[in-house]
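Input: a single structure, listed below in structure tokens.
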2 protein chains.
Amino acid sequence: MKKFNENTLYDVAELFKNFADSTRIRILYTLFNKELSVSEICELLNMNQSAISHQLRILKNSKLVKNRREGKTVYYSLDDDHVYNIISQGIEHVEE
Amino acid sequence: MKKFNENTLYDVAELFKNFADSTRIRILYTLFNKELSVSEICELLNMNQSAISHQLRILKNSKLVKNRREGKTVYYSLDDDHVYNIISQGIEHVEE
DNA sequence: TGAACATATGAACAACTGTTCATATATATA
DNA sequence: TATATATATGAACAGTTGTTCATATGTTCA
């Protein structure tokens, strides 16, 4: 079994917390294909803008999404290759 | 992008909740190699028996661990191939 | 049966989390 | 500058979660 720092598993738990909420995981899933603006995400998930912005901040702090501003609009996209793989594996699991 | 039932992402979030707590993820990690009794897990994680039992029940209900009784002792082990892969991917992510 | 040991479980409590509401900030344009 | 639009953020609140404590259940053996 691979050795690693004893804090690693705490960090792993922190990572998985991001995926442990259906709003955040649905946000991430909408970003699988392409970047989207905040308001586009709101429409897709049918949720209010404040709730989405709060969750986007959490995802950004965890470096799972990144954003860029274009005028008034802010576009978000996945910031990590692992995100796609981890969620895909989760989907695979529950679909069995 | 793969199509699936709209409830799937909610189920995925539920799945990841299991990995979103450091106690549970450390329990699962102790079971990577081999089955362990409840008291062995308590010693390894230096936590009291009640806390461990409560978390084991959560993991069992989610079908991530299984158990077998041998006299007074109950042994727990991983019940799902995906568990190993999902946690490994999480470890890989945070170690970069 | 009774004592000892291993594990499970319910209740209670503190800590944490996600959403809403109100409002602030940033940008574009008239 | 004033207004409209898009996004961000702080405070408050309800709901959820993990641990502890006390106790129950299950098993072995004397």
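Hydrogens, waters and symmetry mates are skipped; everything else that's a heavy atom, side chains included, is used. So you know, we letter chains A, B, ... as the sequences are listed, proteins then strands, and number each from 1.
Side chain A:His54 to base C:dT20: a donor-acceptor pair is found below 3.5 Å. Interface remark: the B:Ser50 side chain does form a donor-acceptor pair with the D:dC21 base, using a distance-only criterion of under 3.5 Å. You'll find a donor-acceptor pair under 3.5 Å spanning the side chain of B:Gln49 and the base of C:dA8, going by distance alone.
No side-chain donor-acceptor contact under 3.5 Å links A:Tyr76 and A:Arg68. Judged purely by distance below 3.5 Å, without hydrogens or angles, the side chains of A:Ser37 and A:Glu40 pair a donor atom with an acceptor atom. Side-chain polar atoms of A:Arg69 and A:Tyr75 form no donor-acceptor pair below 3.5 angstrom. When only modelled atom types and interatomic distance are considered, A:Ser88 and A:Glu92 share no side-chain donor-acceptor pair under 3.5 Å.
In this structure, CG of A:Asp21 is placed 13 Å from P of D:dT16, rounded to the nearest angstrom. Following rounding to the nearest Å, B:Glu40 (CD) and C:dA6 (P) show an atom-to-atom distance of 11 Å. Between B:Arg68 atom CZ and C:dA6 atom P the separation is 16 Å, expressed in whole Å. One can place CG of B:Asn48 at 12 Å from P of D:dA22, the figure rounded to the nearest angstrom. Rounded to whole angstrom, the span from the CD1 atom of A:Ile25 across to the C1' atom of C:dG18 amounts to 16 Å. Spacing between atom CZ of B:Phe16 and atom P of C:dG18 amounts to 15 Å, rounded to whole angstrom units. Following rounding to the nearest Å, A:Tyr75 (OH) and C:dT27 (P) show an atom-to-atom distance of 15 Å. The interatomic distance linking A:Arg57 (CZ) with D:dA11 (P) rounds to 11 Å, in whole Å.
Along DNA chain D, the nucleotide nearest to A:Asn67 and the one nearest to B:Thr23 differ in position, and the one closer to the 5' end is contacted by A:Asn67. Annotation: of the two residues near DNA chain C, A:Glu14 and A:Gly71, the 5′-most nearest-nucleotide partner is A:Glu14.
Of the candidates D:dT7, D:dG26, C:dT19, the closest approach to any side-chain atom of A:Ser37 belongs to D:dT7. Comparing atom distances between the A:Lys72 side chain and each of D:dG18, D:dT28, D:dT5 picks out D:dT5 as nearest. Taking only side-chain atoms of B:Tyr76, from C-beta outward, the nucleotide of D:dT28, C:dA26, C:dA8 with the closest atom is C:dA8. In this structure, of D:dG18, C:dA28, D:dA8, it is D:dA8 that holds the atom nearest to the side chain of A:Val38. Nearest nucleotide to the side chain of A:Thr73, out of C:dT27, D:dA6, D:dT19: D:dA6.
Of all nucleotides present, only C:dA8 satisfies the Watson-Crick or G-U wobble test against D:dT23, with each distance under 3.5 Å.
Look at A:Arg24 and you won't find any side-chain N or O under 4.0 angstrom from OP1 or OP2 of C:dT17.
Heavy-atom contacts from other residues, nucleotides or ligands closer than 6.0 Å to CG of B:Asp81 number 12 or fewer.
As judged by a 4.0 angstrom heavy-atom cut-off over every strand, B:Ser53 is placed among the base-contacting residues.
With hydrogens and angles disregarded, a donor-acceptor distance shorter than 3.5 Å links the side chain of A:Arg26 to the backbone of A:Ser22.
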